[in-house]
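Because only heavy atoms are used, hydrogens play no part in the values below, and waters and symmetry mates are left out as well, while side chains stay in. What you see is a predicted model; the values in this text were computed from it and never measured.
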Amino acid sequence: MKKVVTIAILLMMMVIFGCSQVYAAENIIDQQNESKIVQIKESTAKTLEEYKQKYGSDAYGLTAYILNLVRIYSIPVCFVGIAIGGIYQVIGIRKLDERDRGFGIMIGCITVLVITQLLPLIFAIVVKGWRG
């Protein structure tokens, strides 16, 4: 009990003394954030317009843009899922149900990764190839 109280007091002291106030002009920070947001918005709009021109339609361009974003962001998410599945595989050395769960997670993540990587390619082939 004494150890828990001592650790709690030490943590509170570290938090209290570790916090420091930063004095900055809010206008400068707001202008910097605002300019970054505007740059991101302009680059996104430009990229979206390029996709719309490339595919010749607003709907197809937007779909291709979204599929590209899904393709990019699926990679780290699936690798984290594969790592979690690997952890369950290691835990499952003694427990077979944990090993099966890890195997299922890994297979699911690999399947999602393959689908999200191939879907933009298939979309481009179908839209460009059959539509002309």
Side-chain angles (χ1 to χ4, degrees):
M1 182 69 176
K2 286 184 179 182
K3 289 181 183 180
V4 174
V5 173
T6 306
I7 291 173
I9 291 173
L10 286 174
L11 285 175
M12 289 190 328
M13 297 297 280
M14 287 174 50
V15 169
I16 291 171
F17 291 122
C19 295
S20 62
Q21 293 182 354
V22 177
Y23 298 104
E26 288 184 25
N27 294 336
I28 295 171
I29 294 172
D30 290 340
Q31 289 173 356
Q32 289 174 350
N33 290 339
E34 195 173 307
S35 66
K36 287 180 184 178
I37 291 171
V38 169
Q39 288 174 352
I40 292 169
K41 181 181 177 184
E42 289 173 354
S43 67
T44 303
K46 182 181 174 187
T47 306
L48 185 57
E49 284 302 318
E50 289 174 0
Y51 274 106
K52 287 179 181 179
Q53 289 176 356
K54 184 177 178 181
Y55 286 95
S57 171
D58 289 348
Y60 288 143
L62 181 63
T63 304
Y65 178 73
I66 291 171
L67 286 174
N68 187 40
L69 287 178
V70 168
R71 179 183 62 84
I72 292 170
Y73 289 117
S74 69
I75 295 169
V77 171
C78 288
F79 280 142
V80 168
I82 291 169
I84 291 171
I87 291 170
Y88 275 111
Q89 285 274 10
V90 171
I91 292 172
I93 290 174
R94 303 246 181 218
K95 298 178 183 177
L96 292 178
D97 60 330
E98 296 293 325
R99 192 173 119 213
D100 292 341
R101 180 184 297 166
F103 185 71
I105 291 172
M106 289 177 76
I107 294 297
C109 288
I110 291 170
T111 305
V112 168
L113 183 66
V114 169
I115 289 171
T116 57
Q117 297 302 307
L118 289 179
L119 201 57
L121 176 66
I122 294 168
F123 177 78
I125 290 171
V126 168
V127 171
K128 288 282 193 171
W130 279 289
R131 206 177 124 235

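With sequence neighbours left out, the ring pair (Phe, Tyr, Trp, His ring centres under 6.0 Å) criterion links F123 to Y55. The side-chain hydrogen bond (donor to acceptor under 3.5 Å, both in side chains) search around R71 returns N68, not counting sequence neighbours. Residues forming a side-chain hydrogen bond (donor to acceptor under 3.5 Å, both in side chains) with Q117 (at least two apart in sequence, or on another chain): S74. By the salt bridge (charged side-chain N to carboxylate O under 4.0 Å, His left out) test, E50 is found to be paired with no residue, residues two or more places apart in sequence or in another chain being considered.
Summarising the geometry, atom CD1 belonging to I66 is positioned 12.0 Å from atom CG belonging to L119; distances are rounded to the nearest 0.5 Å. To the nearest 0.5 Å, atom CG of residue L62 and atom CG of residue L67 are 9.5 Å apart. Taking OG1 from T111 and CD1 from I115, the interatomic distance works out to 6.0 Å, rounded to the nearest 0.5 Å. Residue I91 holds its CD1 atom at 11.0 Å from CG of D97, rounded to the nearest 0.5 Å. The structure places OH of Y60 at 12.0 Å from NZ of K128, a figure rounded to the nearest 0.5 Å. The distance from atom OH of Y73 to atom OG1 of T116, rounded to the nearest 0.5 Å, is 14.0 Å.
The two residues Y51 and A64 come nearest to each other via the heavy atoms CD2-CB, 3.8 Å. For C78 against C109, the heavy-atom pair with the smallest separation is SG-O, 3.6 Å.
Within the structure, every pair that satisfies the salt bridge (charged side-chain N to carboxylate O under 4.0 Å, His left out) test and touches residues 99-124, not counting sequence neighbours, is listed here: E98-R101.
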All N/O donor-acceptor pairs, side-chain side in residues 36-49, below 3.5 Å, sequence neighbours left out:
from, atom 1, to, atom 2, distance (Å)
S43, OG, Q39, O, 3.3
S43, OG, I40, O, 3.0
T44, OG1, I40, O, 2.8
T47, OG1, S43, O, 2.8

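Taking a 6.0 Å sphere around NZ of K52, one finds it holds more than 12 heavy atoms contributed by other residues, nucleotides or ligands.
When each of I84, V77, I82 is checked for a side-chain contact (heavy atoms from CB on, under 4.5 Å) with V80, only I84 meets the rule.
Under the 4.5 Å side-chain heavy-atom criterion for ILVMFWY residues, a single connected hydrophobic cluster contains both V126 and L118.
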